[in-house]
Structures are given as C-alpha cells and as structure tokens.
Amino acid sequence: MKKAGWQWAGVFALVGAVTIFTTCSSPGPDNGTSAVPDTGTFTIGMSQCNLGEPWRVQMNSDIEKAAKEHPELRVIFKDAQNQTTIQQSHVREFVGQGVDLIIVSPLEAAPLTGPIAEAHKSGIPVIVLDRAVLGEEFTLFIGADNVRIGEAAGRWVKEKLGGAGKVVELKGLMTSIPGQDRNAGFRKGIEGSDIEVIFEADMRWLQPNAQSEMESALTRFPDIDLVYAHNDPGAYGAYLAAKAAGREKDMLFVGIDGLPQEGLAYVNQGILSATFEYPTGGKEAITYALAILKGEEPPAKHVVLPSRFYTKENLAQGGQWLQ
Ligand code: FRU
C-alpha cells in the first residue's frame, strides 16, 4: 500500500505525529496538493463537502481525534465549500497524489459517483461517509439509516399531534441521498394519519434558506402545527422565522443531527421538541480505514450506525435508541 521512495521522505521522517493538513487554512510547502511521501505512514485524503455547518466541523474533528490515536496515519483534509466541482477535483487530486485511501463525504450523489468509481477502479480504497453515492463502486459506505430516522420522526410527530395536523417540511438538499431518505421515511411514518404536509421546500441543509422558506410558509398559512426540518440548523432557522413573526409558541419544531452544542441544546432550551441523532461516523471511518490499510476485509459493504432520539423528557438519560 505504501508508495515508492520520494524526495519528501526526509521531511516527513517524524513518524509518531499525525499531521493534519487543511487546504484552506494551512497554505505551505505541503498544502495537500503535492505527491504523497514515503515515510512509513499511510496518507488518507479526506474530502469534506463543506465546513459551514457545525455537524461537518464535528465530523472532521472526530476524524482528527481518532487519527491522532494512530501515529502511522496522516490525514489531508480538503473543504469543497458546498461546490460539487471542487469536490470532484478533490477526489481526482487525491488519486493524482497517490494517497493510500480516500474518505469522501459527498455533497451530491450523482456528480460524485463517477470520480469515486474512478478512484476505486484505480486501486485506491474509498470510504464514502454519511451521504451515499449511486451504485456500489467504492470500498465501504458508513452512515446512519436516514429512512429509519425519517420514519421514526414521522411516527413521533403522528403521536405528538394526536394523528392530525398541519406540517411544514423543510428538506435537505434533494440531490443528496439523506435528503431523499429523510423525506421518504417521514412520509412513511405519517402514513395512515390525518397529518397534512401543507408546505415543503428544499432548504439545502442551510439555516438561512430554512429561515426564508419558513417566512414564506408563515405568510401563506395561518395555521401551522409543526415544522419537520431535515436537520437542526433548518429547524432552528424555521424557529427564528416564527419567532420574528411572533408565532413560535403556536407550533412545534423537530430536527435531525442531535449535536450536544446544537440540537440537544435547543431541546434543552425548549426550542426544539425533538431531535434525532445523526452520528458523524468520523471515528468509525478511521477505524475501518486502518483495517483496510492493513489489508483486512471490511465486515460489510455498508456499515449502518445506530441513532437515538431526544426530547426534553429523555435528555438526561441520554436519549432513546431507535429500534
Ligand atoms: C451537514 C448536514 C447535516 C445533515 C447531513 C446530511 O452538512 O446537512 O446537518 O445531517 O449533512 O448529510
């Protein structure tokens, strides 16, 4: 797996320290674009689709923390800044550099499928993290089950609203699989009830978009019982819009992600009625990366991470696992 001799060998002879490079914040002689040195370490290229949301910052930090436990790992982080073309280039650059393994958390499914398949065909193991691509041309997928999360949210909403009510659905980017799955799962969860989705919009996972979509919903609909947003930033954006209109107490807000500093804090403050955990998988990505780099076969092609839901009532006990 390790690359042939290279002039950088001396520079990186310091085995024992994991070096984290970020293309945005650390321009220097090695900003993640030069060829991979042969230092007795494994180099992992990690392409993050954006770092604008706390959840993605958390994923990178989970990866960084886990990698630090393994002195033989070096991780090059790249941030695609929410642009598919940048992320496509990341994958191709990693292949050109000859990294030992690639981790990608894709922005969108279809446009990343080709570059990931090419990398995999070239013999570089690829771990797809959180947002899936199309087909199976990669080494391993790690992520939680978004259909299950959406369905659990739908069932929870059905029960909370007593089987009937008017709901606004603020969807994640619908060209990404989690957005599609959280939508399909939710619709399944509310099946057989009198819950009506009166307004739906693609807020592309972003709080400011959710806020402005919610402003439209509030203008059009005098009665809204609940907002189901595909992530906690979206739910919070909707809450801010409702608060600005003086209507935040008329409705409930439900989100997904459940970060302690974000969704769980909102639940604790009574801003969200519930949030569903969406684990970043950062730690697991490093565990499996290491195993793959050491020549072990992953246990399955898809590793499905468990998820919990949190309400004010179960917060202190650490939430409740989804069945
Ligand atoms: C961050 C994020 C999370 C969401 C995940 C889905 O970019 O929007 O809030 O749960 O991506 O892939």
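All figures in this text were calculated on a predicted structure; none of them were measured in a lab. First listed ligand is number 1; within each ligand, the first listed atom is number 1.
Listed by first and then second residue, the ring pair (Phe, Tyr, Trp, His ring centres under 6.0 Å) pairs that reach into residues 251-301 are Trp55-Tyr278, Tyr236-Tyr266, Tyr239-Phe253, Phe276-Phe309, sequence neighbours excluded.
Remark: Glu169 pairs with Arg187 by the salt bridge (Lys or Arg N to Asp or Glu O under 4.0 Å) rule, at least two apart or across chains.
Under 3.5 Å, the side chains of Ser47 and Gln87 contain a donor-acceptor pair of N or O atoms.
Protein residues with any heavy atom under 4.0 Å from ligand 1: Asn50, Glu53, Trp55, Arg56, Asp130, Arg131, Pro178, Arg182, Trp205, Asn231, Asp257, Tyr278.
Linking ILVMFWY side-chain heavy atoms closer than 4.5 Å, directly or via other members, places Leu272 and Ile224 in a single hydrophobic cluster.
Of the options Asp79, Asp130, Asp62, a salt bridge (charged side-chain N to carboxylate O under 4.0 Å, His left out) to Arg56 is made by Asp130 and by none of the others.
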Return a table of donor-acceptor pairs under 3.5 angstrom between the side chains of residues 137-145 and protein atoms on other chains or two or more places apart.
| unit_1 | atom_1 | unit_2 | atom_2 | d |
| --- | --- | --- | --- | --- |
| Glu137 | OE2 | His120 | ND1 | 2.5 |
| Thr139 | OG1 | Val126 | N | 2.9 |
| Asp145 | OD1 | Val147 | N | 3.1 |
| Asp145 | OD1 | Arg148 | N | 3.0 |

